[in-house]
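Counting starts at 1 for both ligands and their atoms, in listed order. Throughout, residue positions are numbered sequentially from 1 according to the sequence presented.
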Amino acid sequence: MQGPTRVRVKTAGRSDQEHYDRDVGIQITPSILTADLAALGAEVARIRSAEWVHVDVMDNHFVPNLTFGPATVEALARSTDMPLDAHLMIADADRHAPAYVEAGAGSVTFHVEAAAAPVRLAREIRAQGARASMALKPATPIDPYEDLLPELDMVLVMTVEPGFGGQKFLDLCLPKIRRTRELIAKYGLETWVQVDGGVSLETIGRCAEAGADVFVAGSAVFSANDPDAMVAELRAAAETATS
Ligand code: DX5
Ligand code: ZN
């Protein structure tokens, strides 16, 4: 695992500056999907030590569930200075993704299965000032997209079928995490590898060991008595697995 690198993250909620620099190594991005949605502002305040807030956008079309839109992202960006990591599980990502950067997301992930022109879309997201990320469902391999890696700041390897929180982690995705990390190293890139779905104290070590460095955790964090302490425990478990 590489040492921490310094990155620039767009944080729309900050009044003093649009960007700030920080060191990154292992990063935890709790999904608010399983938080108390009637008290989102307060829920985000319970995960202050996380690096990002993961916002699962679902359109009842690409996945059989319906959640948040740009208005929620905008409201969150106004209410917190934490950077927002928008995971778009929506059809026609080419058309809809830019609105999430405008709404204040610092990272926007589109599904390659839902993008007609992923290179153009990644460039557009970057040109708007956010990090561009591409997600792969469990049955989608990384190899056909190898040439796209230089266009991306992060690859999201889904470890459940997208659509719902609280599902069981799919170990069959581990070789793809490893393969993605190998391809990134082959090109000498600093692309992050995110995992999402069923990440817990029991599974995070396997993901980190395979090469992931950004970890989404929904139910593991928000079902804990102290979500912020769970963020720290997850980070420590990932660090132990890679040290
Ligand atoms: C699944 C979502 C995930 C999910 C994570 O479609 O993209 O972010 O909510 O929740 P857990 O950690 O409970 O699997
Ligand atoms: Zn997600």
Quick one: side chains of residues 229-237, donor-acceptor pairs under 3.5 Å with protein atoms, not counting sequence neighbours, listed by atom name and distance.
from: R235; atom 1: NE; to: E51; atom 2: OE2; distance (Å): 3.3
from: R235; atom 1: NH2; to: S49; atom 2: O; distance (Å): 2.8
from: R235; atom 1: NH2; to: E51; atom 2: OE1; distance (Å): 3.0
from: R235; atom 1: NH2; to: E51; atom 2: OE2; distance (Å): 3.1

Legend entry - Salt bridge flag under 4.0 Å for residues R48 and D81: yes
Inset, instruction - Test D56 against V63 for side chain to side chain contact (heavy atoms under 4.5 Å, CB included), laying out the working first. - result: CA-CA 11 Å; D56 283 307; V63 290; over 6 Å; no
Inset, instruction - Determine the interplanar angle of the H111 and F62 rings, folded into 0 to 90°, and report it as parallel if under 30°, tilted if 30 to 60°, perpendicular if over 60°. - result: tilted
Legend entry - Number of protein N, O or S atoms [distance to the Zn ion (ligand 2) under 2.8 Å]: 4
Legend entry - Ionic contact status for R120 with E124, cut-off 4.0 Å: no
Legend entry - Pairwise side-chain contact, V108 with Q128, heavy-atom cut-off 4.5 Å (strictly under): no
Report, one line per pair, each donor and acceptor closer than 3.5 Å where one atom sits in a side chain of residues 92-100; sequence neighbours left out.
from: D94; atom 1: OD1; to: A116; atom 2: N; distance (Å): 2.8
from: D94; atom 1: OD2; to: A116; atom 2: N; distance (Å): 3.3
from: D94; atom 1: OD2; to: A117; atom 2: N; distance (Å): 2.9

Inset, instruction - Would you check if the side chain of D196 reaches a backbone N or O of M158 as a donor-acceptor pair within less than 3.5 Å? - result: no
Inset, instruction - Ignoring hydrogens and angles, tell me if any N or O in the side chain of T242 forms a donor-acceptor pair with the backbone of E239 under 3.5 Å. - result: yes
Hey, what polar pairs (N/O, under 3.5 Å) does ligand 1 make with protein?
from: ligand 1; atom 1: 6 (O); to: G163; atom 2: N; distance (Å): 2.7
from: ligand 1; atom 1: 7 (O); to: D56; atom 2: OD1; distance (Å): 2.9
from: ligand 1; atom 1: 7 (O); to: H87; atom 2: ND1; distance (Å): 3.2
from: ligand 1; atom 1: 7 (O); to: D196; atom 2: OD2; distance (Å): 2.9
from: ligand 1; atom 1: 8 (O); to: H54; atom 2: NE2; distance (Å): 3.4
from: ligand 1; atom 1: 8 (O); to: D56; atom 2: OD1; distance (Å): 3.1
from: ligand 1; atom 1: 8 (O); to: D56; atom 2: OD2; distance (Å): 2.7
from: ligand 1; atom 1: 8 (O); to: D196; atom 2: OD1; distance (Å): 2.7
from: ligand 1; atom 1: 8 (O); to: D196; atom 2: OD2; distance (Å): 3.0
from: ligand 1; atom 1: 9 (O); to: D56; atom 2: OD2; distance (Å): 3.3
from: ligand 1; atom 1: 12 (O); to: G218; atom 2: N; distance (Å): 2.8
from: ligand 1; atom 1: 13 (O); to: G166; atom 2: N; distance (Å): 2.8
from: ligand 1; atom 1: 13 (O); to: S219; atom 2: N; distance (Å): 3.0
from: ligand 1; atom 1: 13 (O); to: S219; atom 2: OG; distance (Å): 2.5
from: ligand 1; atom 1: 14 (O); to: G198; atom 2: N; distance (Å): 2.8

